[in-house]
Structures are given as C-alpha cells and as structure tokens.
Number of protein chains: 2
Amino acid sequence: MLRLTKKADYGLMALKYLAEHPEVVSVSAKDIADTYRIPPQLLAKVLQRLTKVGLLRSHAGMNGGYALSKPAGTISAFEVIHAIDGPLFITSCTKGSKGCDLEPSCTVKEPLARVNESIAGVLRSISIYDLVDHETAAQRAADASQLISLTSLTQ
Amino acid sequence: MLRLTKKADYGLMALKYLAEHPEVVSVSAKDIADTYRIPPQLLAKVLQRLTKVGLLRSHAGMNGGYALSKPAGTISAFEVIHAIDGPLFITSCTKGSKGCDLEPSCTVKEPLARVNESIAGVLRSISIYDLVDHETAAQRAADASQLISLTSLTQ
DNA sequence: GAGTATACGACCATTATTGTCGGCGTTCAA
DNA sequence: TTGAACGCCGACAATAATGGTCGTATACTC
Ligand code: FES
Ligand code: FES
C-alpha cells in the first residue's frame with residue numbers, strides 16, 4: 001500500500017550505483033542489472049526513460065552505457081519517481097485532466113491534495129546523494145518527521 | 001503512482017461524513033454509499049474493517065449502522081489507511097517478514113525506509129477533523145511542507 | 001562489417017485492486 | 001412472532017496495474 005513501483009526502485013538503485021562509481025565514464029544497463037540481479041531489459045527501459053527526461057546521458061555502441069547528467073546531489077528522488085511512474089497522486093483520481101468517477105461527490109480530494117504536496121516535498125528533499133550517504137539522509141528524515149509532529153501538536 | 005486505494009478513499013469519506021453529522025446516532029453503510037454514489041457492499045466491507053480495529057462502533061438490526069467510536073480529532077488518516085490497506089510501505093518489498101526477492105542486493109531499502117517514516121508522519125498529523133475543517137488542514141500541510149524544505153536547505 | 005550497446009513499441013504474465021454474491025446472525029417494530 | 005433492515009464474513013469474478021519479455025531498428029566502436 002502506497003508503495004512505489006519496482007521500476008522506480010530499480011531506477012533509484014541504478015542512479016545510486018552511478019553516483020557511487022563516478023570514476024567510470026559510462027555503465028551499461030546490463031552491468032547494473034547483473035550487479036543487482038534485476039531483469040536487464042526492464043532496467044534498460046527505465047534508464048531510457050531517465051535519459052529522455054535528461055537525468056542521464058546515454059552513449060550507444062561498444063563501451064557505451066549511461067552516466068549521470070548532473071551531480072547526484074542535485075537529482076531528487078521526486079524527479080526520478082516522477083519520470084518513471086508519472087505524476088504523483090495520492091488520491092485515486094488517476095489523472096488531473098479527467099476527474100475520477102466520484103469527482104462531484106468526493107469530499108476528501110482537496111484535503112488530500114495537501115497531504116500529497118507534503119509527501120512530494122519530502123521526496124523533493126531527498127537526493128540521490130542522500131541515498132549514498134545514509135547518515136545524512138537518516139538525519140534529514142528524522143528532522144523532517146520531528147518538525148511535522150511538532151507542527152501537528154502546536155496546531 | 002504512490003496512490004492510496006479507493007477503499008481507503010471510501011473509508012476516509014465515510015469517516016468524514018460521520019464527523020460532519022454528529023447529531024445522528026448511527027448511519028447505515030447504504031446511506032453513506034448512496035450519498036457518494038459508491039458501491040454499498042464495498043463500503044460495507046470497509047466500514048466493517050474500521051469497526052474491527054475499533055475506529056467505529058456498529059449496531060446491527062433496524063435503524064442500525066455505524067458511528068465514530070471516538071472524537072474525529074483523535075482519528076488520524078494514518079490509522080484509517082493502515083486499517084484498510086495494511087502496513088504502509090513505500091518500498092516494493094511488500095512484507096516485513098519475508099523480504100522481497102532483491103533483498104540481498106537492494107541498496108535503497110534502508111534510506112527509503114526513512115522516507116517512509118516521514119510520509120507516515122505526515123499522515124499521522126492529519127485527523128478526520130482536519131478533513132472537515134479545510135482551512136486548518138491546509139495551513140498544517142503548508143507548514144509541514146515549508147519546514148521540510150527548510151530542513152533540506154539547512155543540511 | 002562484426003559486435004555491442006541503446007531505443008522503442010508491442011505484447012503477454014502476474015499480481016493487486018475493485019466489485020459482487022450468497023448465506024448468516026442481530027435488532028427492532030408492527 | 002415474523003419480517004424487514006441492518007451488520008458480518010468468506011468466496012469469487014471482473015478489471016486494472018504492474019512486471020517482464022521479445023523483436024526490431026538504430027548508433028557507435030573497433
Ligand atoms: S478520489 Fe477522485 S475525486 Fe475523490
Ligand atoms: S525493494 Fe525489497 S529489498 Fe529493496
């Protein structure tokens with residue numbers, strides 16, 4: 001429940017891998033897939049999508065592969081997830097354009113949209129670099145949680 | 001993507017409805033379902049689960065139905081979602097007991113668990129009452145988001 | 001030109017969600 | 001006391017989303 005897809009997981013793992021190996025010019029999808037034992041072709045498609053949105057640079061041919069197009073610290077988990085899984089919607093209305101069937105009567109849509117924004121904020125605050133440096137990420141997440149509960153109490 | 005299920009949506013709508021009608025002793029699943037045009041039997045099952053975890057009190061027989069078992073302000077969105085959809089996991093490892101297939105190699109599990117906690121925190125800070133009183137909820141969510149980005153910047 | 005890699009779309013398999021059905025126990029009021 | 005209105009529960013079918021595969025085209029290196 002409320003889980004992100006395996007594709008997004010794969011994408012984050014791959015980006016983390018690339019962030020951890022800055023010395024290598026480019027890494028093939030197959031290499032990464034082998035490392036983590038994930039389906040190579042599926043990962044390939046994920047990386048292709050990340051390339052299309054500009055998070056990765058690709059290079060075909062021998063010794064080709066992928067590389068980060070910008071520093072790991074400037075790539076947020078939100079960008080990655082958005083690129084792979086599409087827009088983030090906590091509500092069950094899948095699309096913004098065509099409202100879901102219970103559009104007229106649904107009363108929780110608006111409040112939940114706020115929650116949605118908060119979650120997006122959390123994801124935006126996590127970068128690929130944070131995935132590498134566990135301590136920093138842990139600290140940040142802890143801070144965020146604490147501030148949130150604090151906010152809730154003081155209301 | 002990252003959306004909660006319709007069941008959870010239905011549950012929240014129903015609880016909101018009950019919170020908005022405190023004068024009525026008990027409301028039947030059918031009444032709520034009719035109001036929002038959602039499948040009565042499905043809503044019934046959702047309400048039954050909410051009853052089982054103690055968020056609602058049920059009363060069988062004629063003029064029976066459901067009522068909140070405690071003040072709307074003390075019921076968090078997290079409780080509701082957890083009751084209906086089960087434990088909240090952002091990662092694709094569905095269950096805590098049996099790790100997913102990429103358990104040994106997966107490197108993003110631990111960092112994402114922190115993100116997961118942050119999101120749970122946000123949901124815990126929203127109560128059913130907040131769904132009724134839009135202004136308060138909006139303000140709270142805005143505060144939470146702002147604090148989170150602030151945290152991210154100062155890291 | 002041979003080999004290796006990305007790019008892309010179509011496609012099927014698997015799984016999760018959504019919704020329905022039928023039977024049973026409870027309450028209440030005519 | 002009888003029946004309608006309701007909650008309770010498990011099984012199941014319909015549907016949708018995800019996960020994964022295949023084939024082919026294209027780009028690049030050697
Ligand atoms: S879930 Fe779509 S309008 Fe409420
Ligand atoms: S997704 Fe299950 S261990 Fe990483």
Side-chain angles (χ1 to χ4, degrees), chain A residues 1-11 13-14 24-34 36-53 55-67 69 81 84-87 89 91-95 100-102, chain B residues 1-11 14 18 24-34 36-53 55-67 69 81 84-87 89 91-95 100-102:
Chain A
M1 182 35 243
L2 202 73
R3 72 190 193 290
L4 43 78
T5 63
K6 279 196 179 177
K7 288 185 196 174
D9 230 19
Y10 295 160
M13 288 165 70
V24 188
V25 183
S26 83
V27 186
S28 75
K30 188 175 175 304
D31 283 351
I32 302 179
D34 283 352
Y36 296 125
R37 308 282 172 76
I38 59 186
Q41 308 195 79
L42 185 51
L43 178 64
K45 265 206 301 200
V46 170
L47 296 183
Q48 281 160 28
R49 236 188 285 184
L50 292 177
T51 303
K52 199 149 62 179
V53 299
L55 293 177
L56 292 178
R57 293 291 168 88
S58 66
H59 191 188
M62 277 193 85
N63 295 350
Y66 299 88
S69 70
I81 294 171
I84 298 174
D85 288 336
F89 278 128
T91 64
S92 36
C93 346
T94 38
K95 279 301 154 196
C100 77
D101 40 343
L102 25 99
Chain B
M1 182 35 244
L2 202 73
R3 74 192 192 288
L4 42 78
T5 62
K6 280 195 180 179
K7 288 185 196 175
D9 230 19
Y10 294 160
L18 290 173
V24 188
V25 183
S26 82
V27 186
S28 74
K30 188 175 175 305
D31 282 351
I32 302 178
D34 284 352
Y36 296 126
R37 308 282 171 78
I38 58 186
Q41 309 194 78
L42 185 52
L43 177 63
K45 267 207 298 201
V46 169
L47 297 184
Q48 282 160 28
R49 240 192 278 185
L50 292 177
T51 302
K52 199 149 62 178
V53 300
L55 294 177
L56 292 179
R57 293 291 168 87
S58 66
H59 188 53
M62 278 194 87
N63 294 353
Y66 299 88
S69 69
I81 295 172
I84 297 174
D85 288 336
F89 279 127
T91 64
S92 36
C93 347
T94 37
K95 278 301 154 196
C100 78
D101 41 342
L102 27 99

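Lettering follows sequence order; numbering is per chain, from 1.
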Exercise. In whole Å, what is the span from the CD1 atom of A/Ile38 to the P atom of D/dT18?
Worked result: 18 Å
Problem set entry | Point-to-point distance, once rounded to the nearest 0.5 Å, from CG of A/Asp9 to CG of A/Leu4 | 5.5 Å
Problem set entry | Rounded distance (Å) that lies between atom C1' of C/dT18 and atom OH of B/Tyr36 | 20 Å
Exercise. Which nucleotide sits closest to the side chain of A/Ser28: C/dG19, C/dC8, C/dA5?
Worked result: C/dA5
Exercise. In whole angstroms, how far is the C1' atom of C/dT26 from the CG atom of B/Asn63?
Worked result: 13 Å
Exercise. In whole Å, what is the span from the CG atom of B/Leu42 to the C1' atom of C/dA16?
Worked result: 14 Å
For this session: For the residue pair A/Arg49 and A/Val53, establish whether any side-chain heavy-atom pair is separated by less than 4.5 Å.
Result: no
Exercise. So, is A/His59 near the phosphate of C/dT4, with a side-chain N or O under 4.0 Å from OP1 or OP2?
Worked result: no
Exercise. With distance as the sole test, does A/Ser26 use its side chain to make a donor-acceptor pair with the main-chain N or O of A/Gly64 at under 3.5 Å?
Worked result: yes
Exercise. Atom CZ of B/Arg57 and atom P of D/dG7: how far apart are they, to the nearest Å?
Worked result: 16 Å
Seminar exercise, completed: Side-chain atoms of A/Gln41 come closest, of C/dT18, D/dC22, D/dC9, to D/dC22
Exercise. Is it true that a side-chain atom of B/Ser69 and a backbone atom of B/Leu55 form a donor plus acceptor pair closer than 3.5 Å?
Worked result: yes
For this session: Let me know, please, whether B/Ser58 or B/Lys45 comes out on the 5' side of the other along DNA chain D by nearest nucleotide.
Result: B/Ser58
Exercise. Quick one: on DNA chain C, does B/Met62 or A/Ala29 contact a more 5' nucleotide (nearest heavy atom)?
Worked result: A/Ala29
Seminar exercise, completed: Here the distance between atom P of C/dT20 and atom NZ of B/Lys7, to the nearest Å, is 13 Å
Exercise. Can you check side-chain contact (heavy atoms from CB on, under 4.5 Å) on B/Leu56 and B/Leu18, steps first, answer last?
Worked result: CA-CA 10 Å; B/Leu56 292 179; B/Leu18 290 173; 3.6 Å; yes
Exercise. Hey, is the side chain of A/Lys30 pairing donor to acceptor with the base of C/dT6 inside 3.5 Å?
Worked result: no
Exercise. Between B/Tyr10 and C/dT17, is there a side-chain N or O to OP1/OP2 distance below 4.0 Å?
Worked result: no
Problem set entry | Comparing A/Ala60 and A/Pro40 on DNA chain D - which has the more 5′ nearest nucleotide | A/Pro40
For this session: In whole angstrom, give the distance that lies between atom CG of A/Leu4 and atom C1' of D/dA17.
Result: 15 Å
Exercise. Roughly, in whole Å, what's the span from CZ in B/Arg49 to C1' in C/dT17?
Worked result: 11 Å
Exercise. Looking only at side-chain N and O atoms, does A/Thr5 come under 4.0 Å of OP1 or OP2 in D/dA17?
Worked result: no
